[in-house]
Novice: 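Please see the structure below; I have some questions.
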Number of protein chains: 2
Amino acid sequence: MAARLQNRSTPGRRRASHSMESVLTEAVALLDEAGEPALTFRALAQRLGGGVASIYWYVANKDELLDLATDHVIGSLLSDVEALPGSDDPIDDLRTMALVLFDAIVARPWLGAYFMRNTNAQSNSLRLYERLGAQTLRLDLTARQRFHAVSAIIGVVVGSAVDLGQEPPQEVLDGKVGRDEYLGRAVQAWRELDPAGYPFVHEIVDEFDGHDDADQFRSALDLTLAGLRLQAGKAGA
Amino acid sequence: MAARLQNRSTPGRRRASHSMESVLTEAVALLDEAGEPALTFRALAQRLGGGVASIYWYVANKDELLDLATDHVIGSLLSDVEALPGSDDPIDDLRTMALVLFDAIVARPWLGAYFMRNTNAQSNSLRLYERLGAQTLRLDLTARQRFHAVSAIIGVVVGSAVDLGQEPPQEVLDGKVGRDEYLGRAVQAWRELDPAGYPFVHEIVDEFDGHDDADQFRSALDLTLAGLRLQAGKAGA
DNA sequence: CACATCATCGAACGGTGTTCTATCGTACTT
DNA sequence: AAGTACGATAGAACACCGTTCGATGATGTG
């Protein structure tokens with residue numbers, strides 16, 4: 001069965017004594033250090049100074065471990081969002097919130113992939129969802145429009161995050177090739193393409209070279225929010 | 001040692017003869033049948049009637065197998081996009097293309113996760129990217145705006161695709177719980193939340209219940225395209 | 001002190017991607 | 001026609017993964 005909220009932190013001498021908190025904290029630490037592949041039960045056990053099977057007392061399987069770890073960090077993310085000042089423009093507030101989300105994913109790229117998992121099962125995710133949606137209640141929209149608006153914003157965040165979160169291929173991880181050099185090669189390959197066959201790629205290759213992920217995200221977000229503003233204004237007038 | 005004479009008379013193990021095409025086709029078939037976890041080298045080898053190690057002659061590792069398989073199906077997807085009639089409104093054309101992409105991901109949910117991997121390495125992905133971007137060349141935008149517009153549209157597709165592509169948890173896969181029942185439970189749980197603490201969730205729970213993924217995607221896409229139209233019009237006038 | 005329960009752990013199982021080495025079959029050389 | 005080089009295949013083994021099982025230390029209760 002699963003561990004309940006009780007926690008005995010009496011320090012054992014030979015045997016390791018864990019707690020839900022420590023398990024999740026170390027799991028997140030592993031994820032932060034080297035992404036999802038780094039989070040293995042064996043690595044986690046070693047880190048906790050205990051045995052592998054012990055972790056299964058706190059967690060049913062790896063899926064649940066990932067869920068709880070995600071919810072754990074979303075908890076603090078939720079605090080950040082709730083601490084936001086807020087303005088008289090709900091769409092501005094939505095923008096600010098989305099930027100906080102994006103920043104969190106930049107700091108923890110592995111978050112992106114697990115961001116939308118089972119909104120129902122993760123309490124903090126749901127509360128974050130509510131927090132975003134609450135802003136749409138201040139807009140003149142139908143219920144369906146509100147639902148779709150929040151979905152769209154989260155979609156933009158996740159869409160950018162997935163792009164951002166994908167780990168560079170072996171070469172870069174091994175340190176043989178620097179990340180900049182890796183991207184530089186791609187740019188170089190693009191430049192050598194047939195300009196007649198790839199007019200667009202040639203048009204934007206300079207933009208791609210040395211582009212800023214945050215800029216890219218902000219632009220995508222602002223397009224969606226501009227559309228939303230239009231939608232809210234249309235019904236209102 | 002023994003096989004010298006028996007070569008013809010007694011048919012020993014016939015050696016399998018593969019090809020890049022057959023490897024990729026069977027790999028895609030496995031992915032279609034049960035998603036990424038179903039694509040293992042052993043399952044693929046058995047399907048090809050050969051040994052496990054043989055696959056490594058065609059492919060360096062699983063990552064490359066996934067890349068090539070993805071590029072394989074994107075190839076036919078590209079044909080669909082190129083066969084599109086096209087109109088005098090570039091944004092309409094972008095919308096149509098995005099819908100084709102979305103349909104492809106609905107048909108092959110595993111595609112979503114690998115959709116954006118290494119645009120540079122996958123030739124068909126790059127051509128698809130070019131095809132989308134070409135439409136923005138018909139709009140009055142800066143190079144950077146064009147770059148960001150295409151990124152945004154792809155972001156919306158991927159964002160929806162990730163949401164769509166995540167496999168339901170164990171219960172549903174085991175067939176113990178139907179997918180509708182599973183979603184129904186979530187809806188039920190939402191309805192039982194404190195209305196004061198979760199006003200937005202209560203507002204949209206009816207919309208979520210029995211919602212259509214395609215509707216959700218189309219709404220998100222249209223918000224982005226509305227923003228883009230605004231942006232293009234502003235600079236033009 | 002006995003006891004039930006919580007919590008921990010080593011060892012093992014089946015599965016995975018990957019590598020090593022040996023081999024077959026064919027096309028070309030001589 | 002025999003020999004050879006090489007493209008292509010394959011079995012066995014390795015290291016690692018998530019997961020399970022059974023045993024056992026620790027702890028508070030009667």
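Every chain is numbered from 1, with letters handed out A, B, ... down the list of sequences.
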Novice: Tell me: CD1 of Ile55(A) to P of dC9(C), nearest whole Å?
Specialist: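 After rounding, the reported distance stands at 10 Å.
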Novice: Considering every strand and a 4.0 Å limit on heavy-atom distances, what is the contact class for Thr40(A): base, sugar-phosphate, or nothing?
Specialist: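 Sugar-phosphate: the residue Thr40(A), judged by heavy atoms under 4.0 Å, touches backbone atoms but no base.
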Novice: Please report, rounded to the nearest Å, how far the C1' atom of dT16(C) is from the CG atom of Asn61(B).
Specialist: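 Whole-Å distance recorded here is 14 Å.
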Novice: Tell me: CG of Leu44(B) to C1' of dT9(D), nearest whole Å?
Specialist: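 In whole Å, dT9(D) C1' lies 14 Å from Leu44(B) CG.
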Novice: Does Ile74(B) offer a backbone N or O that forms a donor-acceptor pair with the side chain of Asn124(B) under 3.5 Å?
Specialist: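 Here the side-chain-to-backbone pair does not exist.
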Novice: Side chains of Gln216(B) and His148(A): any donor to acceptor distance under 3.5 Å?
Specialist: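 Looking only at side-chain atoms, Gln216(B) and His148(A) do not form any donor-acceptor pair under 3.5 Å.
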Novice: Roughly, in whole Å, what's the span from NZ in Lys62(B) to P in dG15(C)?
Specialist: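 Nearest whole value for this atom pair: 15 Å.
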Novice: Categorize Leu39(A) for me: base, sugar-phosphate, or nothing, with a 4.0 angstrom heavy-atom threshold over every strand shown.
Specialist: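 Leu39(A): backbone/sugar contact only, no base atoms under 4.0 Å.
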Novice: For Leu30(B) and dG17(C), what is the distance between atoms CG and P respectively, to the nearest whole Å?
Specialist: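 After rounding, the gap between these two atoms is 11 Å.
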Novice: Could you grab the distance from atom CD of Glu33(A) to atom CG of Leu39(A), nearest 0.5 Å is fine?
Specialist: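 Answer rounded to 0.5 Å: 11.0 Å.
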Novice: Checking only heavy atoms, does the side chain of Arg42(B) share a donor-acceptor pair with the base of dG15(C) at less than 3.5 Å?
Specialist: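 When only heavy-atom distances are counted, Arg42(B) does not reach the base of dG15(C) through any donor-acceptor pair under 3.5 Å.
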Novice: Round to the nearest Å and state the distance from Gln46(A) atom CD to dC9(C) atom P.
Specialist: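 To the nearest whole Å, that distance equals 13 Å.
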Novice: Taking the side chain of Trp57(B) as its heavy atoms from C-beta onward, which of dG7(D), dT18(C), dT19(D) lies nearest to it?
Specialist: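 Nearest listed nucleotide: dG7(D).
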Novice: So if I take every side-chain heavy atom of Tyr56(B) and compare against dT19(C), dT9(D), dT19(D), which nucleotide ends up nearest?
Specialist: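 Shortest atom-to-atom distance from the side chain points to dT19(C).
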Novice: At under 4.0 Å, does any side-chain N or O of Ser54(A) touch on OP1 or OP2 of dC9(C)?
Specialist: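 Answer yes for this pair, as a side-chain N or O of Ser54(A) is under 4.0 Å from OP1 or OP2.
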Novice: Answer with base, sugar-phosphate or nothing: what part of the nucleic acid does Ala53(B) contact at a heavy-atom distance below 4.0 Å?
Specialist: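 It contacts base atoms.
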Novice: Choose from dT19(C), dA26(D), dA8(D) the nucleotide whose nearest atom is closest to any side-chain atom of Tyr58(B).
Specialist: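 The answer is dA8(D), which lies nearest to the side chain.
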Novice: Give the rounded distance in Å between these two atoms: CZ of Phe41(B) and P of dA12(D).
Specialist: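 It works out to 19 Å between those atoms.
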Novice: To the nearest Å, give me how far apart CZ (Arg15(B)) and C1' (dT23(C)) are.
Specialist: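 Whole-Å distance recorded here is 6 Å.
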Novice: Could you work out which one of dT9(D), dT8(C), dT18(C) sits closest to the side chain of Ala16(A)?
Specialist: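 Among the listed nucleotides, the one closest to the side chain of Ala16(A) is dT8(C).
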Novice: Would the distance check show the side chain of Asp209(B) and the main-chain N or O of Val187(B) forming a donor-acceptor pair, the cut-off being under 3.5 Å?
Specialist: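 Not confirmed, Asp209(B) side chain does not pair with Val187(B) backbone.
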Novice: Return the nearest nucleotide to the side chain of Val52(A); candidates are dT8(C), dT19(D), dA8(D).
Specialist: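 The closest nucleotide is dT19(D).
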Novice: Evaluate the side chain to side chain contact (heavy atoms under 4.5 Å, CB included) criterion for residues His18(B) and Trp57(B): first the C-alpha distance (whole Å), next the side-chain angles of each, then the deciding distance (0.1 Å), finally the verdict.
Specialist: CA-CA 10 Å; His18(B) 311 152; Trp57(B) 194 86; over 6 Å; no
